[in-house]
Student: 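Right, I'll just put the structure down here and ask away after.
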Number of protein chains: 2
Amino acid sequence: MRPTRQRTAVVEAMTSFDDFRSAQDIHDLLGRGTTPVGLATVYRTLNALVEAGEVDMLRTEDGEAIYRRCSETHHHHLVCRECGATIEVEGPAVERWTRTIAAEHGYSDVAHTLEIFGTCAACRRA
Amino acid sequence: MRPTRQRTAVVEAMTSFDDFRSAQDIHDLLGRGTTPVGLATVYRTLNALVEAGEVDMLRTEDGEAIYRRCSETHHHHLVCRECGATIEVEGPAVERWTRTIAAEHGYSDVAHTLEIFGTCAACRRA
DNA sequence: CCCATTTTGACAACGATTCTCAGCAAAGCG
DNA sequence: CGCTTTGCTGAGAATCGTTGTCAAAATGGG
């Protein structure tokens with residue numbers, strides 16, 4: 001994969017925020033900067049980053065994909081449903097539990113998704 | 001809410017299978033039966049059932065909503081990624097863990113999603 | 001029965017995502 | 001450097017799940 005101007009711009013944009021954003025949001029963000037990137041390219045690049053494990057994608061309640069740069073180790077997210085503030089969390093016990101449950105029922109090649117939603121302290125006060 | 005012919009048909013259709021199906025699938029299923037139901041009505045009814053907690057909805061990797069009748073207690077799903085065979089599972093420890101994690105970070109009104117994907121015994125052999 | 005209110009469904013509209021394809025940029029090569 | 005080959009880009013079209021529209025039909029109360 002070639003390190004093009006556009007791909008660099010997307011990667012940099014991803015480091016400029018800390019919550020989950022939609023592809024459209026990221027496209028807008030780039031449009032205001034010095035390196036506009038076409039929407040199709042934003043989608044292509046984000047998908048590649050997700051494949052590469054450098055970015056996490058999850059889906060909102062209404063099915064929209066949202067993206068966030070992430071650490072490369074396996075983790076889950078604690079997300080504020082008001083402001084989007086996100087904390088990465090790990091839960092070895094949960095990992096073990098899912099594997100055990102799956103094995104008990106004869107399922108192999110186990111994967112799982114787990115997200116926690118809540119209202120963060122700052123938003124509760126507001 | 002009125003118990004119409006269409007709503008009854010959708011509810012019955014939901015009892016006729018055991019895996020997660022898309023609204024389109026359910027619409028097709030009804031179309032082959034004696035009570036065709038318009039696609040818009042299928043969507044409306046499914047959403048109402050989800051609201052009422054009688055049906056579970058989750059999203060496929062590509063964002064499509066899929067539906068399944070479910071027990072009314074809180075639970076999660078172990079889903080075969082080949083054939084869709086689904087088992088409801090409970091994990092009190094996980095419930096506790098998510099609440100603890102959220103509390104530690106000052107998040108309130110906690111909810112969570114958790115799905116486990118794997119290949120079931122039957123599909124592994126095939 | 002009759003009316004007020006819901007519900008339905010064909011179709012249009014919508015929005016996120018992907019596809020198309022011609023033009024452009026990068027890497028390799030002599 | 002020129003040239004070539006190959007991959008990348010982007011504007012717009014196309015796709016597809018889902019929701020909105022609205023006139024016609026069904027429902028239940030009076």
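Every chain is numbered from 1, with letters handed out A, B, ... down the list of sequences.
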Student: By nearest nucleotide on DNA chain D, pick out whichever of B:Ser22 and A:Ala40 is the more 5' one.
Tutor: A:Ala40
Student: Walk me through whether A:Tyr107 and B:Ile87 qualify under side chain to side chain contact (heavy atoms under 4.5 Å, CB included).
Tutor: CA-CA 11 Å; A:Tyr107 282 56; B:Ile87 297 171; 3.8 Å; yes
Student: Tell me: NE2 of A:His27 to C1' of C:dA16, nearest whole Å?
Tutor: 14 Å
Student: Please assess B:Arg7 against B:Val11 for the test side chain to side chain contact (heavy atoms under 4.5 Å, CB included), listing each intermediate value before the final yes or no.
Tutor: CA-CA 6 Å; B:Arg7 293 213 245 256; B:Val11 171; 5.5 Å; no
Student: Look at B:Tyr43 and D:dT18 and indicate whether a side-chain polar atom (N or O) is within less than 4.0 Å of OP1 or OP2.
Tutor: yes
Student: So, using side-chain contact (heavy atoms from CB on, under 4.5 Å) as the criterion, who are the partners of B:Ser22 when residues are at least two apart?
Tutor: B:Gln24, B:Asp25, B:Glu64, B:Ile66
Student: In whole Å, I'd like the distance from the CD1 atom of A:Ile26 to the P atom of D:dG10.
Tutor: 15 Å
Student: Got a salt bridge between A:Asp18 and A:Arg68, using NZ or NE/NH1/NH2 to carboxylate O under 4.0 Å?
Tutor: yes
Student: Side chain of B:His76, backbone of B:Val89: donor and acceptor closer than 3.5 Å?
Tutor: no
Student: Would you call B:Phe20 and B:Thr86 a side-chain contact if the rule is heavy atoms closer than 4.5 Å?
Tutor: yes
Student: Using whole Å, report how far CZ of A:Arg59 lies from P of C:dG15.
Tutor: 18 Å
Student: Check this one for me: any side-chain N or O of A:Gln24 less than 4.0 Å away from OP1 or OP2 of C:dA16?
Tutor: yes
Student: Test your reading of the model: is there a side-chain donor-acceptor pair from B:Arg59 to the backbone of A:Arg59, 3.5 Å cut-off?
Tutor: no
Student: Does a donor on one side chain sit under 3.5 Å from an acceptor on the other, for B:Ser71 and B:Glu88?
Tutor: yes
Student: What is the distance, rounded to the nearest whole Å, between atom CD of A:Glu61 and atom P of D:dT19?
Tutor: 11 Å
Student: Map B:Ala65 and A:Gly38 onto DNA chain D by nearest heavy atom, then report which one ends up closer to the 5' terminus.
Tutor: A:Gly38
Student: Give the rounded distance in Å between these two atoms: CD1 of A:Ile66 and P of C:dT17.
Tutor: 10 Å
Student: I would like to know whether A:His112 and A:Glu95 meet side-chain hydrogen bond (donor to acceptor under 3.5 Å, both in side chains); could you show each step before the answer?
Tutor: CA-CA 9 Å; A:His112 62 273; A:Glu95 310 302 320; 3.1 Å; yes
Student: Who pairs with B:Asp19 by salt bridge (charged side-chain N to carboxylate O under 4.0 Å, His left out), at least two apart in sequence or on another chain?
Tutor: B:Arg21
Student: Under 3.5 Å for both pairing distances: what stems, at least three Watson-Crick or G-U pairs long, include DNA chain D?
Tutor: C:1-30 with D:1-30
Student: Could you tell me which non-hydrogen atom of B:Arg69 sits nearest to which non-hydrogen atom of B:Thr15, and how far apart they are?
Tutor: CD-CA, 3.8 Å
Student: For a quick test of your reading: what N or O donor-acceptor pairs under 3.5 Å do the side chains of residues 45-57 of chain A make, sequence neighbours left out?
Tutor:
residue : atom : partner : partner atom : Å
A:Thr45 : OG1  : A:Thr41 : O            : 2.8
A:Asp56 : OD2  : A:His75 : NE2          : 2.8
A:Asp56 : OD2  : A:His77 : NE2          : 2.9

Student: A:Asp62 CG to C:dG15 C1': how many Å, rounded?
Tutor: 10 Å
Student: Using a strict heavy-atom distance below 4.0 Å, which residues from residues 44-53 of chain B are in contact with DNA chain D?
Tutor: B:Arg44, B:Asn47
Student: Without decimals, in angstroms, what is the distance between B:Met1 CE and C:dT5 P?
Tutor: 19 Å
Student: Classify every nucleotide of nucleotides 24-30 of chain D by which part a protein heavy atom approaches to under 4.0 Å, writing B for the base, S for the sugar-phosphate alone and - for neither, in 5'-to-3' order.
Tutor: --BB---
Student: Just N and O in the side chain of B:Gln6: are any of them under 4.0 Å from OP1 or OP2 of C:dG9?
Tutor: yes
Student: In whole Å, what is the span from the CG atom of B:Leu30 to the C1' atom of C:dG9?
Tutor: 14 Å
